[in-house]
Colleague: 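Pasting a structure here, questions to come.
Note: hydrogens, waters and symmetry copies are ignored here, and every other heavy atom, side chains too, is used. Whatever order the structure lists them in is the order used to number ligands and atoms, beginning at 1. Because the structure is a prediction, the values reported are computed rather than measured.
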Amino acid sequence: MTVERNPAPVAPSPVCAGTPHHGGATDGKLILALPKGRILKSAKPLLARAGIVPSSDCLDESSRRLRFDTNNPDLDVVRVRSFDVATFVAQGGAQLGICGADVMMEFDYPELYAPLDLGIGGCRVSVASPDGDDDAHDWSRHSCIRVATKYPNITRRHFAERGINADIVHLHGAMELAPMLGLSRLIVDLVDTGSTLRANGLHEVETIMQITSRLVVNRTALKTRPKEIAALIARFRDALLPVAA
Ligand code: PRP
């Protein structure tokens with residue numbers, strides 16, 4: 001009989017293969033990371049005003065392609081999850097990105113520089129509780145409370161400021177199910193129209209932060225390719241100016 005043994009644990013190497021080179025695309029193109037979903041739609045007219053026109057299937061979310069060329073031969077865009085834009089830019093895979101202030105605050109990457117508030121993707125991060133649970137937001141009654149969220153850091157910090165230990169249930173979507181299925185007492189989630197909360201028997205009890213999307217830039221790339229990146233920032237800045245009547 002063959003007895004399978006667990007392989008001996010491998011000591012982590014001090015130098016990790018595939019360490020980010022902060023150089024972005026191997027063909028030398030600049031990469032702009034765009035978030036999928038609702039922000040992508042509102043980014044389209046802003047990109048057009050900035051003179052950046054991605055190939056047409058970039059905005060077609062049924063397309064499985066992730067990298068697209070633009071009308072600028074030196075610039076490609078990639079389409080990633082909104083939560084991953086900050087990581088792609090901070091790790092140097094993309095030099096620029098459009099990123100929600102919520103995502104920036106959650107990860108707090110020192111490598112990210114956010115020169116412009118783009119004024120799109122406005123919504124908020126809020127605490128919500130089930131309809132009828134009137135005690136849930138009487139903070140003085142709790143020293144510890146279980147909260148489901150995709151924002152563990154923002155949530156921990158928010159409750160810690162109130163002297164409450166947030167016991168985090170880390171989910172990546174469908175947070176609204178957590179209270180009704182007994183995973184948590186509260187949720188912390190993005191709220192825009194409020195219809196998702198209402199449809200799932202929840203209501204907002206506190207707004208943690210109002211958010212919009214920012215243009216984010218990798219600080220190392222800004223030093224190594226200053227002219228190209230400054231030119232792109234300037235295009236976005238011009239695109240935000242009011243259009244003359
Ligand atoms: C967000 C959020 C809520 C919903 C709120 O999800 O997590 O589910 O939007 O919007 P509303 O207030 O207009 O109903 P999103 O659609 O961004 O997808 P996600 O679940 O992948 O985060």
Colleague: With a 4.0 Å cut-off on heavy atoms, is R198 in contact with ligand 1?
Modeller: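 Outside the 4.0 Å threshold, so no.
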Colleague: Relative to the ring of F83, is the ring of F107 parallel (under 30°), tilted (30 to 60°) or perpendicular (over 60°)?
Modeller: perpendicular
Colleague: Without swapping roles, check the side chain of T207 against the backbone of M209 for a donor-acceptor pair under 3.5 Å.
Modeller: no
Colleague: Hey, is G194 one of the residues with a heavy atom under 4.0 angstrom from ligand 1?
Modeller: yes
Colleague: Within the structure, is a non-hydrogen atom of K150 found at a distance of less than 4.0 Å from ligand 1?
Modeller: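 Contact present.
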Colleague: Which is it for E176 and ligand 1 at heavy atoms under 4.0 Å: side chain, backbone, both or neither?
Modeller: side chain
Colleague: How far is atom 14 (O) of ligand 1 from its nearest protein heavy atom, and which residue and atom is that?
Modeller: T196 OG1, 2.4 Å
Colleague: Starting from atom 20 (O) of ligand 1, locate the nearest protein heavy atom and write down its residue, its atom name and how far away it is, to 0.1 Å.
Modeller: G173 CA, 4.3 Å
Colleague: What part of D189 sits under 4.0 Å from ligand 1 if we count only heavy atoms: the side chain, the backbone, both or neither?
Modeller: side chain
Colleague: Taking 4.0 angstrom as the limit and counting only heavy atoms of L190, give me the atoms of ligand 1 inside it, by number and element.
Modeller: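 Listed by number with element, the hits are 2 (C), 3 (C), 5 (C).
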Colleague: Checking R67 against D27 for the salt bridge (Lys or Arg N to Asp or Glu O under 4.0 Å) test, could you report, in this order, the C-alpha distance in whole Å, the side-chain angles of both residues, the deciding distance, and whether it holds?
Modeller: CA-CA 13 Å; R67 180 174 172 173; D27 56 13; 3.2 Å; yes
Colleague: Could you list all the salt bridge (charged side-chain N to carboxylate O under 4.0 Å, His left out) pairs where at least one residue sits in residues 190-208, not counting sequence neighbours?
Modeller: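 Every pair satisfying salt bridge (charged side-chain N to carboxylate O under 4.0 Å, His left out) with a residue in residues 190-208: R38-D192, R124-E204, R162-E206.
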Colleague: Which residue holds the protein heavy atom closest to atom 13 (O) of ligand 1, what is that atom called, and what is the gap in Å?
Modeller: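 Here the nearest protein heavy atom works out to T193 OG1, 2.6 Å.
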Colleague: Taking I52's backbone N and O only, do any of them form a donor-acceptor pair with N71's side chain (distance below 3.5 Å, no angle check)?
Modeller: no
Colleague: Return the residue, atom name and 0.1 Å-rounded distance of the protein heavy atom closest to atom 17 (O) of ligand 1.
Modeller: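 Minimum-distance protein heavy atom for atom 17 (O) of ligand 1 reads R38 NH2, 3.5 Å.
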Colleague: Distance from T220 atom OG1 to Q95 atom CD, nearest 0.5 Å?
Modeller: 10.5 Å
Colleague: Whether R214 and D117 form a salt bridge (side-chain N of Lys/Arg under 4.0 Å from carboxylate O of Asp/Glu) is what I want to check.
Modeller: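 Here D117 pairs with R214 in a salt bridge, since their nearest N and O are under 4.0 Å apart.
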